[in-house]
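Reviewing the structure listed below.
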Amino acid sequence: MSVHPTDELPSRTVLLAAPRSFCAGVERAIDAVERLLDAPGREAPVYVRKQIVHNTHVVAGLAARGAVFVEELDAVPEGSTVVFSAHGVSPQVREQARERRLTVVDATCPLVTKVHSEARRFTARGDTVVLIGHAGHEEVEGTLGEAPGSMLLIETPEQAAGLEVPDPGRVSYLTQTTLALDETADVVGALRERFPLLQGPSGDDICYATTNRQLAVQAVAHRADLVLVVGSANSSNSVRMVEVVRRGGTAAHLVEDASGIDPAWLVGVRVIGLSAGASAPPDLVTEVVEALGAHGPVTVEELTTTVEDVAFQPPAPVRGRA
Ligand code: SF4
């Protein structure tokens with residue numbers, strides 16, 4: 001009788017992209033809800049308009065601790081406390097909060113607030129403002145609300161080329177904070193061709209966290225056979241990370257958590273690049289590494305492309321509450 005040894009599982013390298021996972025805006029927003037939930041003697045519910053950040057695990061964790069997530073403010077009882085999500089809100093939502101006498105804790109990321117300010121400034125000087133972004137995204141809806149009559153939303157170079165505006169000499173652009181760097185450059189290029197006097201923001205609207213995570217995941221992708229990005233399907237920056245890797249020619253998948261790994265993806269793969277979007281908790285990355293270990297021995301390396309040291313103050317109403 002011959003004995004066949006058990007097939008050895010292949011060993012792999014997991015190449016962690018750094019930076020990855022939470023950004024300063026997401027940490028600030030989650031922290032704001034936690035401060036309210038942990039307030040001594042709290043009895044009233046803490047309402048949160050929309051997902052505080054686009055991550056299923058974060059939202060479920062806060063809901064389990066007592067946060068009540070609502071889609072719109074009419075679901076919040078008058079006089080209650082409500083948190084606005086990191087993605088920001090339109091002036092119309094702020095007005096509705098005033099009408100309902102709500103106490104607002106505004107967890108809008110300061111880098112989204114900056115885009116809102118630019119929208120107000122550009123439209124106030126008479127420009128048509130072209131917002132580059134994805135229709136239906138909460139951040140885009142909030143920004144467009146700053147001047148609905150003077151702003152246009154586009155996503156592609158083709159849309160830029162076909163734009164008609166009242167005065168082609170008075171056009172400026174802004175972008176959603178979580179777009180792909182390469183695609184956005186193409187759209188801005190097409191806009192500039194269409195409107196040679198095009199004005200833009202003084203700095204890039206695509207935020208530091210989006211930029212850093214895209215560059216980091218591209219760096220690991222250069223050495224990887226497969227890239228996994230941890231994040232929720234509605235997380236714009238996470239989806240963009242997968243897309244930029246695929247455009248570079250490396251297979252990539254978005255996974256909500258370790259349960260999303262399809263073993264078929266790992267066949268023939270020796271180096272797995274791993275990152276997480278700005279709204280994905282770091283412990284999910286650890287769980288993915290552990291889950292990969294079930295498919296064969298893994299050696300973990302980290303590739304750091306930049307070190308982040310950004311931190312934002314908590315929103316004023318919860319500042320000073322530990
Ligand atoms: Fe702010 Fe950028 Fe994080 Fe969005 S991804 S919360 S804009 S830092």
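Counting starts at 1 for both ligands and their atoms, in listed order. Quick caveat: nothing in here was measured; it's all calculated off a predicted structure.
For the pair Arg28 (side chain) and Ala86 (backbone), a donor-acceptor distance under 3.5 Å is absent.
We find that Glu95 and Arg100 are not joined by a salt bridge, their nearest charged nitrogen and carboxylate oxygen being 4.0 Å or further apart. Ion pairing between Arg121 and Glu118 fails under the 4.0 Å rule for side-chain N and carboxylate O. Ionic pairing of Glu141 and Lys50 is not present here: no N-O contact between side-chain nitrogen and carboxylate oxygen is shorter than 4.0 angstrom.
For a distance bound of 2.8 Å, the N, O or S atoms of Cys23 include one lying that close to atom 3 (Fe) of ligand 1.
Atom numbering of ligand 1 starts at 1 in the shown order; those under 4.0 Å from a heavy atom of Gly25 are 6 (S). Less than 4.0 angstrom separates some heavy atom of Cys207 from each of these atoms of ligand 1: 2 (Fe), 5 (S), 7 (S), 8 (S). Near Tyr208, the atoms of ligand 1 lying under 4.0 angstrom from a non-hydrogen atom of the residue are 8 (S).
Summarising the contacts of atom 1 (Fe) of ligand 1 with Ser238, Cys109, Ser235, the nearest heavy atom is found in Cys109.
Distance from atom 7 (S) of ligand 1 to its nearest protein heavy atom, with residue and atom name: Thr177 OG1, 3.4 Å.
Of all heavy-atom pairs between Pro91 and Glu146, the closest is CG-OE1, 3.5 Å.
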